[in-house]
Student: 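Got a structure for you, written out below as structure tokens; questions coming shortly.
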Amino acid sequence: MKIICIGRNYTAHIAELENEKPTDPVVFIKPDSSVLPKEQDFYIPEFSNDIHYEVEVLVKIKKVGKHIEEKFAPKYYDEIGLGIDFTARDVQQKLKEKGLPWEKAKGFDGASVVGKWVSKEDYSDVNNLNFSLLKNNEIVQDGNTNLMLWKIDEIIAYVSKYFTLKKGDIIFTGTPAGVGSVKTNDYLSGKLEGVEMFNVNIK
């Protein structure tokens, strides 16, 4: 199982980090060891002083696919989820300044929160899903998949040109504006269409 992430997929988030708007999806990979085990707290790693939360809608691939046409992409997933792409922002910034890969800032142990999965059939349109992240019971991120620069089917088609998608692979589709840092004793919870999909304590 691999985790495929799409960066800079919401215009407002691009602006808040003062990044350049991409002409193609920004793609990076996280190892499966980055997944935070269920019911486990997230421990702030000693190598960073600025861990940011980034809530994202997730897609679980259900079968092998390569060079998938966009019109066939819906056949490759049945389940939608919500999660967090934890980012060591201070580490990432140093890597970006040197033109180096982001893995140390994005793929460390526990950096990927994967919430529960639900059938995409539960929703009338996966391209119009409201989702949010609450920190200490206050909304800090509030997004809708209709604001994505590249929608889910476009992402699947694009990514499959470069990587063979396999059953169980997870796609993180990007984060909306509102990212911010966490500190010890924070409590995060994510909601998709008003339903809680995950919660995590910060230690």
Student: Listed by chain and number, what are the side chain to side chain donor-acceptor pair (under 3.5 Å) partners of K167, not counting sequence neighbours?
Tutor: none

Student: Any side-chain heavy atom of D41 within less than 4.5 Å of one from I202?
Tutor: no

Student: Counting only heavy atoms not in K38, do more than 12 sit closer than 6.0 Å to its NZ atom?
Tutor: yes

Student: Indicate, with yes or no, if W102 and I84 share a hydrophobic cluster defined by side-chain heavy-atom contacts under 4.5 Å among Ile, Leu, Val, Met, Phe, Trp and Tyr.
Tutor: no

Student: Which atom pair, heavy atoms only, marks the closest approach of G107 to P31?
Tutor: O-CG, 3.5 Å

Student: Could you tell me whether K120 atom NZ has more than 12 heavy atoms of other residues or ligands within 6.0 Å of it?
Tutor: yes

Student: Are more than 12 heavy atoms from other residues, nucleotides or ligands located less than 6.0 Å from atom NZ of K96?
Tutor: yes

Student: Looking at S132 and V55, what are the two nearest heavy atoms and their distance?
Tutor: O-CG2, 4.2 Å

Student: Rest of the hydrophobic cluster containing L134 (Ile/Leu/Val/Met/Phe/Trp/Tyr, side-chain heavy atoms under 4.5 Å)?
Tutor: I139

Student: With no hydrogens and no angle check, just 3.5 Å: does a side-chain donor-acceptor pair link D169 and Y77?
Tutor: no

Student: Under the side chain to side chain contact (heavy atoms under 4.5 Å, CB included) rule, what do I155 and N9 come out as? Steps first, then yes or no, please.
Tutor: CA-CA 10 Å; I155 291 169; N9 201 21; 3.8 Å; yes

Student: From I4 CD1 over to T173 OG1, what is the distance, rounded to the nearest 0.5 angstrom?
Tutor: 12.5 Å

Student: Sequence neighbours excluded, which residues qualify as ring pair (Phe, Tyr, Trp, His ring centres under 6.0 Å) partners of F108?
Tutor: F47

Student: Does I68 offer a backbone N or O that forms a donor-acceptor pair with the side chain of S160 under 3.5 Å?
Tutor: yes

Student: Side-chain contact test, heavy atoms from C-beta onward, threshold under 4.5 Å: evaluate it for F131 versus I80 and give yes or no.
Tutor: no

Student: Side chain to side chain contact (heavy atoms under 4.5 Å, CB included) for T145 and Y10? Distances and angles first, verdict last.
Tutor: CA-CA 9 Å; T145 53; Y10 288 82; 4.2 Å; yes

Student: Can you see which heavy atom on A157 is nearest to which on E69, and at what distance?
Tutor: CB-C, 4.3 Å

Student: Step through the shown structure and confirm whether more than 12 heavy atoms of other residues, nucleotides or ligands are within 6.0 Å of NZ on K66.
Tutor: yes

Student: Is V182 linked to V140 within one hydrophobic cluster, defined over Ile, Leu, Val, Met, Phe, Trp and Tyr using a side-chain heavy-atom separation of less than 4.5 Å?
Tutor: yes

Student: Does V118 belong to the same Ile/Leu/Val/Met/Phe/Trp/Tyr cluster as V113, with side-chain heavy atoms less than 4.5 Å apart forming each link?
Tutor: yes

Student: Who else is in the cluster with M1 when I, L, V, M, F, W and Y are joined by side-chain contacts under 4.5 Å?
Tutor: I3, V35, L58, V114, W117, I170, F172

Student: Out of curiosity, T175 OG1 to I6 CD1, how far, rounded to the nearest 0.5 Å?
Tutor: 13.0 Å

Student: Run S181 and R89 through side chain to side chain contact (heavy atoms under 4.5 Å, CB included) and show every step you take.
Tutor: CA-CA 9 Å; S181 59; R89 192 70 71 199; over 6 Å; no

Student: Membership question, hydrophobic clusters at under 4.5 Å side-chain separation (ILVMFWY): are V27 and L100 in the same one?
Tutor: yes

Student: Kindly indicate whether the side chain of L129, heavy atoms from C-beta on, has any atom under 4.5 Å from the side chain of Y123.
Tutor: yes

Student: Quick check: do E138 and N136 have side-chain heavy atoms less than 4.5 Å from each other?
Tutor: no

Student: Would E70 and K151 pass as an ion pair if we require N to O under 4.0 Å?
Tutor: no

Student: When rounded to the nearest 0.5 angstrom, what is the spacing between CG in D50 and CD1 in I44?
Tutor: 10.0 Å

Student: For residues 191-200, tabulate all N or O donor-acceptor pairs below 3.5 Å that involve a side-chain atom, not counting sequence neighbours.
Tutor:
| unit_1 | atom_1 | unit_2 | atom_2 | d |
| --- | --- | --- | --- | --- |
| E193 | OE2 | N130 | N | 2.8 |
| E196 | OE2 | N199 | ND2 | 2.9 |

Student: Distance from S189 atom OG to N137 atom CG, nearest 0.5 Å?
Tutor: 6.0 Å

Student: A side-chain contact here means heavy atoms from C-beta on lying under 4.5 Å apart; do D153 and V126 qualify?
Tutor: no

Student: Hey, could you give me the CG/OH distance between L188 and Y53, rounded to the nearest 0.5 Å?
Tutor: 8.0 Å

Student: Within a radius of less than 6.0 Å around CG of N49, do more than 12 heavy atoms belonging to other residues, nucleotides or ligands occur?
Tutor: no

Student: Would I29 end up clustered with L95 when hydrophobic side chains under 4.5 Å apart are linked, directly or stepwise?
Tutor: yes

Student: Quick check: are there more than 12 heavy atoms from other residues, nucleotides or ligands sitting under 6.0 Å from CD of E39?
Tutor: no

Student: Between the side chain of K30 and the main-chain N/O of K106, is any donor-acceptor distance below 3.5 Å?
Tutor: yes

Student: Give the minimum heavy-atom separation between F163 and K2, together with the two atoms involved.
Tutor: CB-CE, 4.3 Å

Student: Go through Y158 and W150 one step at a time and tell me if the side chain to side chain contact (heavy atoms under 4.5 Å, CB included) criterion holds.
Tutor: CA-CA 10 Å; Y158 183 83; W150 290 278; over 6 Å; no

Student: So, taking the atom named CG in D24 and the one named CG in L149, what distance separates them when rounded to the nearest 0.5 Å?
Tutor: 11.5 Å

Student: Identify which one of K60, K62, K116 satisfies the salt bridge (Lys or Arg N to Asp or Glu O under 4.0 Å) criterion when paired with E79.
Tutor: K60

Student: Looking at residues at least two apart in the chain, or sitting in another chain, which of them share a side chain to side chain donor-acceptor pair (under 3.5 Å) with K63?
Tutor: none

